[in-house]
Amino acid sequence: ATALSIKDLSKVYGNDFEALKGVSFDVQQGDFFALLGPNGAGKSTTLGIVSSLINKTSGSVEIFGFDLEKDKAAAKRSLGVVPQEFNFNMFEKVGDILRTQAGYYGIPAGIAKQRSEYYLKKLGLWDKRNDSARMLSGGMKRRLMIARALVHEPKLLILDEPTAGVDIELRRSMWAFLQEINKAGTTIILTTHYLEEAESLCRNIAIIDHGSIIHNTSMKSLLQQM
Ligand code: ADP
Ligand code: ADP
């Protein structure tokens with residue numbers, strides 16, 4: 001199955017700046033995919049549109065065959081998103097943040113509790129469950145973003161620069177965690193400007209530059225070209 005299909009996506013920001021100029025690519029179910037490119041290339045804009053955080057100007061996005069516009073609820077059920085900016089309520093308790101999120105997806109309280117516990121333990125946050133989010137270190141906040149994106153067990157997880165500004169030790173543990181959930185069946189798409197990150201994790205890539213896809217290939221063949 002195709003997890004994500006983007007067709008001829010364009011985005012003109014309010015100031016008339018054309019950030020995406022007809023971007024198309026597909027990501028297959030089970031893939032670990034990187035959207036690569038220099039700063040300002042259009043990575044966040046692309047993922048922002050897929051995540052419904054940014055409105056597209058034209059083009060289409062399908063998630064597991066559901067059109068993001070026509071079948072929004074179905075499309076969004078399969079999707080978990082980890083944006084770059086921390087956007088949880090800093091005064092809410094860590095455990096409550098996950099249960100609140102589960103509530104948005106209509107997950108029964110008992111299951112929400114179990115899943116929260118599972119992901120908080122998995123991501124080394126269980127001891128912090130009763131602290132407000134603002135008490136967490138930067139690295140912990142980043143892991144909380146990931147835990148929250150997983151609580152409804154999406155088939156597709158999208159992360160925007162997940163390890164930006166993260167120390168090497170945490171970066172490695174995040175990589176291992178993402179590989180584990182990918183092996184368990186979750187399709188993963190991330191943006192990064194670290195080629196090294198894409199190289200160690202990803203099977204397929206698209207490279208975007210000035211709002212256009214300039215390469216869309218396997219990581220292996222990209223490395224052979226270099
Ligand atoms: P990347 O994630 O690859 O660094 P972005 O998608 O954030 O790139 O940005 C692509 C281009 O769009 C950049 O030139 C950026 O300055 C511009 N841009 C991003 N957001 C806005 C906005 N809200 N208004 C105008 N221009 C924007
Ligand atoms: P800081 O932001 O203060 O650097 P971190 O959140 O980066 O703190 O890391 C705090 C501790 O938690 C580190 O010892 C790190 O190795 C550990 N840690 C990071 N990720 C995980 C994980 N997935 N599971 C368990 N422990 C982790």
Side-chain angles (χ1 to χ4, degrees), residues 3-27 31-63 67-69 72 75-76 79-88 138-139 141-146 148-149 154 156-167 170-171 174-175 178 182 187-219 222-223 225-226:
L4 175 68
S5 180
I6 293 180
K7 287 202 174 67
D8 212 17
L9 201 61
S10 71
K11 173 65 186 178
V12 182
Y13 279 110
N15 56 359
D16 284 346
F17 180 76
E18 199 181 0
L20 300 182
K21 305 167 183 169
V23 164
S24 301
F25 63 89
D26 285 357
V27 178
D31 203 358
F32 202 138
F33 187 95
L35 182 59
L36 293 165
N39 276 321
K43 302 184 296 296
S44 296
T45 302
T46 304
L47 295 196
I49 292 170
V50 173
S51 317
S52 304
L53 301 169
I54 297 175
N55 291 315
K56 65 185 159 67
T57 301
S58 62
S60 71
V61 176
E62 282 184 9
I63 299 168
D67 187 283
L68 192 52
E69 225 160 46
K72 192 165 183 167
K76 289 185 83 168
L79 179 67
V81 181
V82 182
Q84 258 182 73
E85 280 82 35
F86 303 136
N87 61 356
F88 37 72
K141 286 182 182 129
R142 183 127 328 265
R143 285 181 271 147
L144 176 57
M145 292 287 288
I146 297 175
R148 187 185 59 174
L156 172 61
L157 179 67
I158 288 188
L159 311 100
D160 195 359
E161 297 275 356
T163 63
V166 153
D167 66 51
L170 179 56
R171 180 172 305 158
M174 282 171 66
W175 286 0
L178 293 174
N182 176 246
T187 307
I188 300 183
I189 302 175
L190 55 77
T191 68
T192 184
H193 56 269
Y194 300 117
L195 185 60
E196 184 210 339
E197 178 157 284
E199 201 181 323
S200 21
L201 294 175
C202 299
R203 278 186 291 279
N204 292 297
I205 57 123
I207 301 179
I208 186 168
D209 193 22
H210 291 96
S212 300
I213 300 291
I214 57 169
H215 287 288
N216 183 3
T217 181
S218 68
M219 192 70 227
L222 178 77
L223 292 171
Q225 286 170 40
M226 288 169 51

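We number each residue from 1, following the sequence as shown. Whatever order the structure lists ligands and atoms in, that order sets their numbers, starting from 1.
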Could you tell me if the side chain of [Y] sits less than 4.5 Å from the side chain of [X], heavy atoms only?
{"X": "Phe86", "Y": "Leu144", "result": "no"}
{"X": "Pro38", "Y": "Asp209", "result": "yes"}
{"X": "Ile146", "Y": "Met174", "result": "yes"}

Ignoring hydrogens and angles, state whether a donor on the side chain of Thr187 or Asp31 is under 3.5 Å from an acceptor on the partner side chain.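 There is no such pair between these side chains.
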
Are a donor atom and an acceptor atom from the side chains of Thr57 and Ser10 found within less than 3.5 Å of each other? no

Distance filter under 4.0 Å, heavy atoms only, around ligand 1 gives Tyr13, Asn15, Phe17, Ala19, Pro38, Asn39, Gly40, Ala41, Gly42, Lys43, Ser44, Thr45

Holding to ring-ring contact (aromatic ring centres under 6.0 Å, His included), I want the full list of residues that pass it with Phe32, two or more places apart in sequence or in another chain.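 In terms of ring-ring contact (aromatic ring centres under 6.0 Å, His included), with neighbours along the sequence ignored, Phe32 is linked to no residue.
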
